[in-house]
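Following: one structure in structure tokens, then a few remarks.
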Amino acid sequence: MQPRLNPYGTALGPKFVKNIVSANRVVADSTLPAATQELVKIRASQINGCGGCLDMHTKDAAHAGETAVRLNLVAAWRETTVFTDAERAALELTEQGTRLADSAGVTDEAWADAAKHYDAEQLTALVSQIAVINAFNRLNAITRQRGGDYQPGQFG
């Protein structure tokens with residue numbers, strides 16, 4: 001698989017990415033736990049088949065101390081014992097928010113479960129994180145950006 005386009009080599013691409021990165025920084029500086037932020041990025045990237053984002057976020061999470069067991073089990077989080085109830089709620093919201101066209105959207109049950117674990121600021125950060133990673137996934141997947149060469153901290 002070869003990349004279709006290098007969006008970072010165009011006039012528009014770096015400007016667009018700079019704004020998505022800025023939005024991501026707002027979420028990164030929020031009170032939503034950093035581990036939850038990475039789990040959300042990983043799960044959405046798995047669903048969207050984004051090798052570049054999976055490469056980045058699994059490596060960044062491991063570099064930050066996330067365990068290999070948890071990283072290896074994100075895709076099967078429902079069948080595991082290694083995630084907290086709050087993380088499970090975030091992963092469910094991530095799945096439903098990423099697969100909007102495949103269902104009736106985010107269920108009231110998924111939202112209520114997330115709201116049991118996160119306050120309004122954290123819910124805003126969680127929804128924003130889901131939106132940001134889906135934007136990055138789509139940019140990378142559509143243009144076939146490949147994963148494998150990322151080094152933790154490479155982009156900042």
Side-chain angles (χ1 to χ4, degrees), residues 7-8 12-67 70-143 145 147 150 152-156:
Y8 308 102
L12 178 74
K15 294 174 190 174
F16 180 74
V17 169
K18 180 180 177 183
N19 284 293
I20 301 174
V21 168
S22 292
N24 191 65
R25 278 196 201 107
V26 171
V27 177
D29 293 340
S30 74
T31 59
L32 184 67
T36 302
Q37 292 180 40
E38 289 300 325
L39 293 173
V40 164
K41 293 174 194 176
I42 292 165
R43 186 63 190 125
S45 298
Q46 289 170 334
I47 292 166
N48 291 322
C50 184
C53 289
L54 276 170
D55 185 32
M56 174 187 284
H57 297 298
T58 56
K59 287 176 180 175
D60 282 348
H63 186 73
E66 188 60 81
T67 68
R70 283 170 44 98
L71 290 174
N72 291 331
L73 293 175
V74 172
W77 63 269
R78 285 182 183 82
E79 291 81 30
T80 69
T81 60
V82 298
F83 300 104
T84 68
D85 288 343
E87 290 168 338
R88 290 173 176 284
L91 289 166
E92 181 65 34
L93 194 64
T94 300
E95 288 190 5
Q96 290 188 22
T98 298
R99 294 181 166 140
L100 291 173
D102 297 338
S103 66
V106 175
T107 65
D108 289 340
E109 293 80 15
W111 183 261
D113 193 28
K116 286 191 310 193
H117 300 284
Y118 301 103
D119 63 25
E121 282 296 313
Q122 291 171 320
L123 282 169
T124 301
L126 180 56
V127 170
S128 299
Q129 186 68 83
I130 294 165
V132 167
I133 194 59
N134 273 281
F136 267 124
N137 288 168
R138 280 149 176 79
L139 177 67
N140 289 336
I142 291 167
T143 62
Q145 303 303 305
Y150 177 79
Q154 175 179 333
F155 296 122

#### Entry: Rounded distance (nearest 0.5 Å) linking atom CG of N134 with atom CD1 of I47
8.0 Å
### Summary
Shortest non-hydrogen pair, A35 vs E66, comes out as CB-OE1, 4.0 Å
### Message
I'd like to know if E95 and R78 make a salt bridge, using a cut-off of under 4.0 Å between side-chain N and carboxylate O.
### Response
yes
### Query
Which is it for D29 and R25 under the salt bridge (charged side-chain N to carboxylate O under 4.0 Å, His left out) test, yes or no, and what are the steps along the way?
CA-CA 6 Å; D29 293 340; R25 278 196 201 107; over 6 Å; no
### Task
Test side chain to side chain contact (heavy atoms under 4.5 Å, CB included) on Y8 and L139 and set out the steps.
CA-CA 11 Å; Y8 308 102; L139 177 67; 3.9 Å; yes
### Criterion side chain to side chain contact (heavy atoms under 4.5 Å, CB included) on V132 and Q129, from CA distance to verdict
CA-CA 5 Å; V132 167; Q129 186 68 83; 4.3 Å; yes
### Query
Rounded to the nearest 0.5 Å, what separation is found between the OG atom of S128 and the CD atom of Q37?
10.5 Å
### Message
With no hydrogens and no angle check, just 3.5 Å: does a side-chain donor-acceptor pair link S103 and Q96?
### Response
no
### Where G147 and D55 come nearest, the two heavy atoms and their spacing
C-OD2, 3.7 Å
#### Entry: Euclidean distance, R88 CZ relative to L91 CG, rounded to 0.5 Å
8.5 Å
### Task
May I ask you to test the W77-L39 pair for a side-chain heavy-atom distance under 4.5 Å?
no
### Message
Any non-hydrogen side-chain atom of V17 less than 4.5 Å from a side-chain atom of F136?
### Response
yes
### Message
What I'd like to find out is whether the side chain of C53 reaches to under 4.5 Å of the side chain of N140, using heavy atoms alone.
### Response
yes
### Query
Do H57 and V74 have side-chain heavy atoms sitting under 4.5 Å apart?
no
### Query
From I130 CD1 over to R43 CZ, what is the distance, rounded to the nearest 0.5 angstrom?
12.0 Å
### Summary
When every non-hydrogen atom of L71 is compared with those of A62, the smallest separation belongs to CD1-CB, 3.8 Å
### Task
Apply side chain to side chain contact (heavy atoms under 4.5 Å, CB included) to the pair L54 and Y150, showing each step before the final yes or no.
CA-CA 10 Å; L54 276 170; Y150 177 79; over 6 Å; no
### Query
When rounded to the nearest 0.5 angstrom, what distance separates NZ in K116 from CG in D85?
7.5 Å
### Task
Evaluate the side-chain proximity of V127 to W111: yes if any heavy-atom separation is below 4.5 Å, no if none is.
yes
## Note on the structure
Tightest non-hydrogen contact, residues L32 and Y118, listed as CD1-CE2, 3.6 Å
### Message
To check you understand the geometry: which heavy-atom pair defines the closest contact between I42 and A61, and what is its length?
### Response
CD1-CB, 4.3 Å
### Task
For residues D119 and Q122, determine if any side-chain heavy atom of one lies less than 4.5 Å from a side-chain heavy atom of the other.
yes
### Message
Which heavy atom of K15 sits nearest to which heavy atom of N19, and what is that distance?
### Response
O-ND2, 2.9 Å
#### Entry: F16 atom CZ: more than 12 heavy-atom contacts under 6.0 Å
no
### Task
Keeping the roles fixed (side chain from Q145, backbone from T143), state whether a donor-acceptor pair exists under 3.5 Å.
yes
### Query
From T94 OG1 over to L126 CG, what is the distance, rounded to the nearest 0.5 angstrom?
5.5 Å
